[in-house]
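In what follows, a single structure is set out as structure tokens and then discussed.
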Amino acid sequence: MSIPSKAFQRWLHGVAPDVSTSDVCRVSGLKRTTLAQQLVRGKVAESSLVRISRALDVNPVSALSTFDSYADLRGTPVAPTDAELLSQVATMDLLRAVIARNDPGAPQDFELAAAPHDTSVRAWVEAIDDGGLRHRVSRATGIAPQNFSAHLTANKLPPELAVATAREAGVGPAGGLIASGLVSEEEAGWRRGARRAALDRLGTAELVSLAGERLQALGKTLHRQENERDRTERIWENLG
């Protein structure tokens, strides 16, 4: 899942006709060898396009939308649902909000951590899932359900898969790009302060329930990491 190098070169010539590839790499901080290898292979990574876009003062989402595989991103940005906004609030911030609601002496106007967070991809998918989303994504993209689940566990979602997931869920196309850390909320057209506003609109009981679900998911992740660490240590012990 990447951008055809010829299409990328046409885009680059269109937005910066007098800038050399070396200059592009220098201002974007992208290694020349990295971009050269991608061009030779015929596929430029979306992350490379985003870095270059920012360096050239081009909105990364607008840049992506010029390519056919990201046509969903064209047009006026679609406002996220409250569920999407809340999915991008970190677990620790949810806990701070719970404490603030129940303790007048606790800090009330704390700043939310920037998206994404440690479980942002899974939280986003679960926020837009009506129960059949994963099966629809699997049919539409050909990805095996277990491979899709592996992306969620790793908290990484390839950009094209993120857009396809949003399409199957019927929500704005950029939410998954934010959850996976490719673009920022502002670049995707999310209103400044929208996550905080959604958090403030959430009832206390709903807030506590959401925080509890996140803690339960965090506990499972920590247990899995501990088991993997123990398994690795046993392997090294057996190897002597």
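Residue numbers run from 1 in the order of the sequence given.
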For the atom pair [atom1] ([X]) and [atom2] ([Y]), what is the distance rounded to the nearest 0.5 Å?
X    : Y    : atom1 : atom2 : value
R54  : L49  : CZ    : CG    : 10.5 Å
R26  : S22  : CZ    : OG    : 9.0 Å
E187 : N59  : CD    : CG    : 6.0 Å
S87  : I128 : OG    : CD1   : 8.0 Å
L215 : K220 : CG    : NZ    : 12.5 Å

Item to complete: Could you give me the CA-CA distance, side-chain angles and deciding distance for L182 and L64, then say whether side-chain contact (heavy atoms from CB on, under 4.5 Å) is met?
Response: CA-CA 11 Å; L182 184 66; L64 282 167; 4.1 Å; yes

Worksheet item: Among all residues two or more places apart in sequence or in another chain, which pass the side chain to side chain donor-acceptor pair (under 3.5 Å) test with R134?
Response: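 Testing R134 for side chain to side chain donor-acceptor pair (under 3.5 Å), a comparison that skips the adjacent residues, returns none.
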
[Y] side chain reached by [X] side chain, heavy atoms, under 4.5 Å:
X    : Y    : value
L177 : L73  : yes
V121 : H151 : no
L56  : L12  : yes
M92  : H117 : no
R32  : T21  : no
S5   : Q38  : no
P159 : Y70  : yes
L30  : V24  : no

For [X], is the [atom1] atom crowded, meaning more than 12 foreign heavy atoms sit under 6.0 Å from it?
X    : atom1 : result
Q146 : CD    : yes
D118 : CG    : no
E111 : CD    : no

Worksheet item: With distance as the sole criterion, is a donor-acceptor pair present between the side chains of R122 and T153 under 3.5 Å?
Response: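 Yes, because at least one side-chain N or O of R122 sits under 3.5 Å from a partner of the opposite role on T153.
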
Minimum heavy-atom distance [X]-[Y], with the two atoms named:
X    : Y    : result
A166 : P173 : CB-CA, 3.8 Å
A63  : W11  : CB-CZ2, 3.7 Å
E160 : S69  : OE2-CB, 3.8 Å
A179 : Q88  : CA-OE1, 3.4 Å
S2   : V44  : CB-O, 3.4 Å
W124 : G176 : CZ2-N, 3.3 Å

Counting distance only, does the side-chain N/O of [X] pair as donor-acceptor with the main-chain N or O of [Y] below 3.5 Å?
X    : Y    : answer
S209 : A205 : no
S138 : H135 : no
D72  : A164 : no

Fill in: Side-chain cluster (under 4.5 Å, hydrophobic types only) that V98 belongs to, other residues
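Taking Ile, Leu, Val, Met, Phe, Trp and Tyr as members, V98 shares its hydrophobic cluster with L86, V89, L94, F110, L112, L199, L202, L207, V208, L210.
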
Fill in: Other ILVMFWY residues reachable from V78 by side-chain steps of under 4.5 Å
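None; V78 is a cluster of one.
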
Discussion item. Pair R139, E168 - check salt bridge (Lys or Arg N to Asp or Glu O under 4.0 Å), show working.
Written reply: CA-CA 10 Å; R139 288 197 301 269; E168 294 302 318; over 6 Å; no

Worksheet item: Is there any salt bridge (Lys or Arg N to Asp or Glu O under 4.0 Å) pair reaching into residues 95-105, and which pairs are they, with sequence neighbours excluded?
Response: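 Checked against salt bridge (Lys or Arg N to Asp or Glu O under 4.0 Å) - neighbours excluded - the pairs reaching residues 95-105 are D93-R96.
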
Worksheet item: Applying the 4.5 Å side-chain criterion to the ILVMFWY set and letting contacts propagate, would V27 and V19 be lumped into a single cluster?
Response: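 No, it is not one cluster - the side chains of V27 and V19 are not joined through contacts under 4.5 Å.
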
Discussion item. Using the rule side chain to side chain donor-acceptor pair (under 3.5 Å), only one of T165, D130, T141 pairs with R136; which is it?
Written reply: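 The option that passes is D130.
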
Worksheet item: By side chain to side chain contact (heavy atoms under 4.5 Å, CB included), which residues pair with E186, not counting sequence neighbours?
Response: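 Side chain to side chain contact (heavy atoms under 4.5 Å, CB included) check on E186 returns S184, R192.
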
Worksheet item: With sequence neighbours left out, what residues match A7 under side chain to side chain contact (heavy atoms under 4.5 Å, CB included)?
Response: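 If we apply the side chain to side chain contact (heavy atoms under 4.5 Å, CB included) test to A7, skipping adjacent residues, the hits are P4, R10, F67.
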
